[in-house]
Amino acid sequence: ELIFIESLKDSNSLIRSHAGLGLSLIGPKTIRPLLNALLDPDVSVRRNIEGYISKNIPVESILHEFKDSVNLRHSIKVTVKDLLDKYVLI
């Protein structure tokens, strides 16, 4: 998991995109770095990440994963708010 998160910072957009795929396949516990990856400067990486999230991580699984953690739910909310404040996604 950590190698994928670190790879989201790689200078190569293809590596960043593939790291997003890897994280999405791990599941909902990786949603925060994936949401942050939606701020990638490369539009193709953002589009790929968006697709990986929607295909591989259903909203219900995110809600279930974080149902007992107020702090993590808050962290995700802040990340989503930042995304909405900074960009109109794709």
Side-chain angles (χ1 to χ4, degrees):
E1 178 179 338
L2 186 57
I3 191 79
F4 290 132
I5 292 171
E6 289 300 315
S7 294
L8 289 172
K9 302 173 192 169
D10 196 274
S11 61
N12 185 314
S13 62
L14 187 58
I15 290 174
R16 294 193 309 273
S17 186
H18 282 95
L21 173 59
L23 286 170
S24 74
L25 293 173
I26 290 171
K29 70 179 184 174
T30 64
I31 194 64
R32 185 141 193 248
L34 285 167
L35 291 173
N36 285 327
L38 291 172
L39 298 172
D40 194 279
D42 188 308
V43 70
S44 66
V45 173
R46 293 193 309 265
R47 284 187 179 140
N48 287 336
I49 300 288
E50 180 184 21
Y52 301 149
I53 292 170
S54 65
K55 179 180 177 187
N56 298 326
I57 307 179
V59 172
E60 297 80 16
S61 68
I62 298 168
L63 295 172
H64 179 74
E65 178 74 23
F66 300 107
K67 69 179 165 88
D68 296 327
S69 178
V70 173
N71 290 338
L72 287 174
R73 281 197 321 264
H74 178 71
S75 175
I76 292 168
K77 287 178 187 177
V78 168
T79 301
V80 170
K81 183 184 179 315
D82 288 347
L83 284 167
L84 295 174
D85 287 347
K86 292 180 183 178
Y87 291 96
V88 174
L89 296 179
I90 308 174

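Remember, predicted model here, so these are calculated numbers, not experimental data.
By the side chain to side chain donor-acceptor pair (under 3.5 Å) test, Ser75 is found to be paired with Arg32, residues two or more places apart in sequence or in another chain being considered. Under the side-chain contact (heavy atoms from CB on, under 4.5 Å) criterion, Val78 pairs with His74, Asp82, sequence neighbours left out. Taking Ser69 as the reference, nothing meets the side chain to side chain donor-acceptor pair (under 3.5 Å) condition, with sequence neighbours excluded. Every residue meeting the side-chain contact (heavy atoms from CB on, under 4.5 Å) condition with Ser24, not counting sequence neighbours, appears here in chain and number order: Leu21, Leu34, Tyr52, Asn56, Ile57. Annotation: side-chain contact (heavy atoms from CB on, under 4.5 Å) contacts of Ile5 (sequence neighbours excluded): Glu1, Leu23, Pro33. For Ser54, there are no side-chain contact (heavy atoms from CB on, under 4.5 Å) partners, not counting sequence neighbours.
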**OP:** With side chain to side chain contact (heavy atoms under 4.5 Å, CB included) as the test, would you mind laying out the steps for Arg46 and Val43 before giving the verdict?
**Re:** CA-CA 5 Å; Arg46 293 193 309 265; Val43 70; 3.5 Å; yes
Original post:
Could you go step by step and tell me if Thr30 and Phe4 meet the side chain to side chain contact (heavy atoms under 4.5 Å, CB included) rule?
Top reply: CA-CA 10 Å; Thr30 64; Phe4 290 132; over 6 Å; no
Original post:
Given Thr79 and Ile76, is the side chain to side chain contact (heavy atoms under 4.5 Å, CB included) satisfied, shown in steps?
Top reply: CA-CA 5 Å; Thr79 301; Ile76 292 168; 5.5 Å; no
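Expressed to the nearest 0.5 Å, how far CG of Leu39 lies from CG of Leu8 amounts to 11.5 Å. Rounding to the nearest 0.5 angstrom, the gap separating the NZ atom in Lys29 from the CG atom in Leu72 is 12.0 Å. Atom CZ of residue Arg16 and atom CG of residue Asp40 lie 4.0 Å apart, to the nearest 0.5 angstrom. Put simply, CZ on Arg73 and CG on Asp68 are 8.0 Å apart, with the number rounded to the nearest 0.5 Å.
Residue pairs meeting the salt bridge (charged side-chain N to carboxylate O under 4.0 Å, His left out) criterion with at least one partner in residues 55-67, sequence neighbours excluded, do not occur; the list is empty. Counting only residues at least two apart or on different chains, the salt bridge (charged side-chain N to carboxylate O under 4.0 Å, His left out) pairs with a member in residues 6-15 are Glu6-Lys9.
A continuous path of Ile, Leu, Val, Met, Phe, Trp and Tyr side chains, each step under 4.5 Å between heavy atoms, connects Leu25 with Val45, placing both in one hydrophobic cluster. Taken together through direct or relayed side-chain contacts under 4.5 Å among Ile, Leu, Val, Met, Phe, Trp and Tyr, Leu35 and Ile26 form part of one hydrophobic cluster.
For Ser17 (side chain) and Ser13 (main-chain N/O), no donor-acceptor pair under 3.5 Å exists by modelled atom type.
Proximity of Leu38 to Ile53: side-chain heavy atoms (C-beta onward) are separated by under 4.5 Å at one or more points.
When hydrophobic side chains of Ile, Leu, Val, Met, Phe, Trp and Tyr are connected at separations under 4.5 Å, Ile15 ends up as a singleton with no cluster partners.
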